[in-house]
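Report on the following structure.
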Amino acid sequence: MNASRDYAALVQRGLKLDLTRGKPSPRQLDLSDDMLKLPSSHRTADGLDARNYGDLQGLPELRELFGPLLQVPPAQLVVGGNASLAMMHDTIVHALLSKVPGAERRWVEEPEITFLCPVPGYDRHFTICQEFGIKMVPVPMTAEGPDMDVVERLVADDASVKGIWCVPKYSNPSGIVYGDETVRRLAAMPAAAPDFRIFWDNAYAVHHLTDTPAELADLLALCAEHGNADRAFVYGSTSKVTLAGAGVAFFGSSPANVAWFLGNTRKQSIGPDKLNQLRHVEFLRDADGVAAHMRKHAELIGPKFEVVDRVLAKELGDLATWTSPQGGYFISLDVPHAAEVVAKAKAAGIALTPAGATHPYGQDPDDRTIRIAPTYPDLEELEQAIAGLAVCVRLVAEEHA
Ligand code: PLP
């Protein structure tokens, strides 16, 4: 096959396809249409008026529902607004400006703050660090999560290491699920900084694509068991369960951290949007309700993951490697000269997340990883986009041959 000829034909087609952000498709959003007719009453089961101010920690019934799904005792779970990213951002701002439990001083007073960033990872985590001048150190991922030999050494030796970003289930973008031993080592490892924290972004906790959901070890419980009760900050949201722009987000941690977090947010807000929380309780009902709803998502997006896998296997064979996740929202494609491939795709009307975005400072030292977000386009567009991307990979390989 002649890649230059195929690429010329691709450009000729004048495609306009977008594989950049991991957004749910309109059909996925339609699954939650009935939620917009709720709540049926503004009173909760306990007679609380959800229209009013108050209840900073969020409705108890919603915390009861999501606590077990996020492996956080409901009493230690906080329900926020619609974005868990905002809660992660705010946690860091709070840590910079008000001493986290166990800290010697506020992070802003430290000469240097370092976060470990397993790569490939989620670009918006890295953007938060960059915004606040937090130094980022990449850590390679293995099939079981971050390389724990590297993590343990850095965390034990360097007191400037205050945090690590983790997407432990169906990771963004590789789809990897952290193994039990990785989670145990994260919970148990000695840390030079007394205020070292694990930012456990469990964004895809219930987002399975198969009938055999991945199990994740319970980080909060393990931290407590190993004498590091305050080590974990857990996050999650219903952005990709119900509505990406109008879901509910969660923060969970130890009692001391939750008190610290609420002490800070109390100054920001007199209470969250409890009508939306109540709407979620009525719509999703219980863990079975969440699982049934997530199966409907899997029916819509499972075939999209299969198309990507099939087209890449057919068109690229040994030229590239890619992940075949069992859940989540992304596929990670490794190719030689990723930046050139993304540029060629852009010129052919196929928008991809910039090469390097999966690494701190936008720099992938191997220029290798491309994140594919297959959920938003319809199946036909997706197939065209992936076939086009494969042409670009072949063309760049041919040019470098
Ligand atoms: N965390 C991860 C790992 C994500 O992939 C995303 C969205 O793609 C988010 C957080 C954003 O979550 P939220 O909508 O709750 O802010």
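Atoms within each ligand, like the ligands themselves, are counted from 1 in listed order. In what follows, every heavy atom counts, from backbone to side chain, and hydrogens, waters and symmetry copies are set aside.
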*Specify side chain, backbone, both or neither for R124, according to which of its non-hydrogen atoms lie closer than 4.0 Å to ligand 1.*
neither
*Mark yes or no for whether D46, through its side chain, and L48, through its backbone, hold a donor-acceptor pair below 3.5 Å.*
no
*Describe, in one word, how the ring planes of Y235 and F199 are oriented to each other, choosing from parallel (under 30°), tilted (30 to 60°) and perpendicular (over 60°).*
parallel
*Atom indices of ligand 1 within 4.0 angstrom of S239 heavy atoms, with elements*: 13 (P), 14 (O), 15 (O)
*Provide, to 0.1 Å, the distance between atom 9 (C) of ligand 1 and the closest protein heavy atom, together with that atom's residue and name.*
Y122 OH, 3.4 Å
_Taking salt bridge (charged side-chain N to carboxylate O under 4.0 Å, His left out) as the cut-off, I'd like each qualifying pair that reaches into residues 155-179, sequence neighbours left out, listed once._
E110-K162, K162-D195
_Nearest non-hydrogen protein atom, atom 5 (O) of ligand 1_ = Y204 OH, 2.6 Å
*Looking at ligand 1, does any of its N/O atoms fall within less than 3.5 Å of an N/O of H125?*
no
Do any side-chain atoms of residues 247-255 form donor-acceptor pairs under 3.5 angstrom with protein atoms, and if so which ones, sequence neighbours left out?
from: S253; atom 1: OG; to: A232; atom 2: O; distance (Å): 2.6
from: S253; atom 1: OG; to: N257; atom 2: ND2; distance (Å): 2.9
from: S254; atom 1: OG; to: D230; atom 2: OD1; distance (Å): 2.6
from: S254; atom 1: OG; to: N257; atom 2: N; distance (Å): 3.1
from: S254; atom 1: OG; to: N257; atom 2: ND2; distance (Å): 3.3

*Distance filter under 4.0 Å to A203 heavy atoms, resulting ligand 1 atoms*: 1 (N), 2 (C), 3 (C)
*Pull out every atom of ligand 1 sitting under 4.0 Å from any heavy atom of V167, numbered as shown with elements.*
3 (C)
*Quick one: which ligand 1 atoms are inside 4.0 Å of a heavy atom on S237?*
13 (P), 15 (O)
*asked:* Using a 4.0 Å cut-off to any heavy atom of A83, which atoms of ligand 1 qualify?
replied: 15 (O), 16 (O)
*In ligand 1, which numbered atoms sit nearer than 4.0 Å to a non-hydrogen atom of L85?*
16 (O)
_Closest protein heavy atom (residue, atom, distance) for atom 1 (N) of ligand 1_ = D201 OD2, 2.5 Å
